[in-house]
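When a ligand or atom number is given, it counts from 1 through the structure's own listing order.
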Amino acid sequence: MRQSKTDVRSFLRPDVWAREPYEAPETVAAMAARLGLDASSVLKLDQNENPFGCSPKVNEALARCERFHIYPDPLASECRAGIAEYAGAPFERVMAGNGADELIEVLFRLFLRPGDNVLSFPPTFGYYATVAGACLAEVRSVARQADWSIDVDAAIASIDDRTRVIVVASPNNPTGNITPVRDLERLADTGRLLIVDEAYFEFAGVTALPLALARENVVVLRTFSKWAGIAGLRAGYGVLPEWLVEQYLKLKPPYGMSIAAMIAVSASLADRRYLLQTVELLKRERERLIERLRGLDFASPWPSAANFVLVSLTRGDAESVRLGLERRGILIRTYTNARLARSIRISVGRPEQNDRVIAALKEVGETL
Ligand SMILES: Cc1ncc(COP(=O)(O)O)c(C=O)c1O
């Protein structure tokens, strides 16, 4: 290969060398190949997907589509109209994208300049820090309290004139708790952009949407990945202040949301009764799973308003439990965050899957 005089590596942004990639879990195929397991027997409880899958109407609608060779509508108008009706928000204020991730990314890029900061409440969803880093912004972490609630006074005290964005996942991933709307109101009163990430809204039923509709600085984000079972197709949305929509369109990737995702959103919304029944079942299963976890002598589950349960271990360490479950073909989530060193997160599965994880945990518990 011909060597140019200047090493192109020197043009890479220096900060990138030092960054860690976003920690996405290993795929089932890779894990099964590594352990010599049959991939179809692997129980995936590590990414909070809907274990009932998507609506069959999604598969039918995708099979019927003859428009895959045409670029999608950059404004996703049809899909947004459906979302607006479903969410109870004005059409003009709904933006759709390639997962909630895309909305997080565009919003951060709109508000964060190098040296700015974003207030975040760890332990929480890791992608906020990834995107803030890409904007050369600082993540100002205000640790959650012992019960995982936000210390609003501490949050307000840590704001300075470079604080542009406050991001709160509610329910929070991985702790499962909701931030009360009165706390969100106080954070909104600071005048910064408040992003309330309601990725798990359907499992909680509590929303800051009225706050977003009433204020000029509050955005609510949601996704179809969890309740609607289309994580693989990537569809999320946000309800934005009216003034921000026009600016948002300037930085949004023009064709972020694929035609397949748009079709899947419309079909999911048309079949929402079925999907919301699976959500109800998962909510019941969540409570049953928590009850069964309480029965283990080494586990202390937290309450959850989402489709996963965070479990503090009272014996053993998270890595031993993860490996023990992995050997039995079950994937769960562990964390590098120091406060979660002895915690695991289990997504709520179908009833028989939850029985399987409890049985496996009993076996693993005996080895701890
Ligand atoms: C709190 C939170 N926000 C956003 C997302 C990403 O959602 P999407 O799949 O729509 O990009 C997740 C996914 O795990 C999440 O937990």
query = What protein heavy atom is closest to atom 5 (C) of ligand 1, reported as residue, atom name and distance in Å?
reply = F125 CZ, 3.3 Å
query = What is the nearest protein non-hydrogen atom to atom 2 (C) of ligand 1, stated with its residue, atom name and distance?
reply = D197 OD2, 3.4 Å
key: Contacting atoms of ligand 1, where contact means under 4.0 angstrom from a heavy atom of S225   = 8 (P), 9 (O), 10 (O)
request  = Find all atoms of ligand 1 within a distance of less than 4.0 Å from any non-hydrogen atom belonging to A100, and give their numbers and elements.
outcome  = 7 (O), 8 (P), 10 (O), 11 (O)
request  = Answer with yes or no whether the side chains of S10 and D7 bring together a donor and an acceptor at under 3.5 Å.
outcome  = no
task = Go through ligand 1 atom by atom and flag the ones less than 4.0 Å from a non-hydrogen atom of K226.
result = 13 (C), 14 (O)
task = Could you point out which residue of D197, N48, L310 forms a side chain to side chain contact (heavy atoms under 4.5 Å, CB included) with N173?
result = N48
For R215, salt bridge (Lys or Arg N to Asp or Glu O under 4.0 Å) partners two or more places apart = D189
ask   = Do side-chain atoms of R286 reach the backbone of F203 as a donor and acceptor pair under 3.5 angstrom?
value = yes
remark   = Quick note on ligand 1: atoms under 4.0 Å from a heavy atom of R234 include exactly 8 (P), 9 (O), 11 (O)
Mutual orientation of the aromatic rings belonging to Y237 and F224 [parallel < 30°, tilted 30-60°, perpendicular > 60°] = tilted
message = N173 versus ligand 1: do any nitrogen or oxygen atoms come within less than 3.5 Å of each other?
response = yes
query = Would you call D160 and T163 a side-chain contact if the rule is heavy atoms closer than 4.5 Å?
reply = yes
query = When you look for heavy atoms under 4.0 Å from ligand 1, do you find them on the side chain of Y200, its backbone, both, or neither?
reply = side chain
Minimum-distance protein heavy atom relative to atom 6 (C) of ligand 1 = D101 OD1, 3.2 Å
ring-ring contact (aromatic ring centres under 6.0 Å, His included) partners of residues 247-297, not counting sequence neighbours, each pair once = Y71-Y255
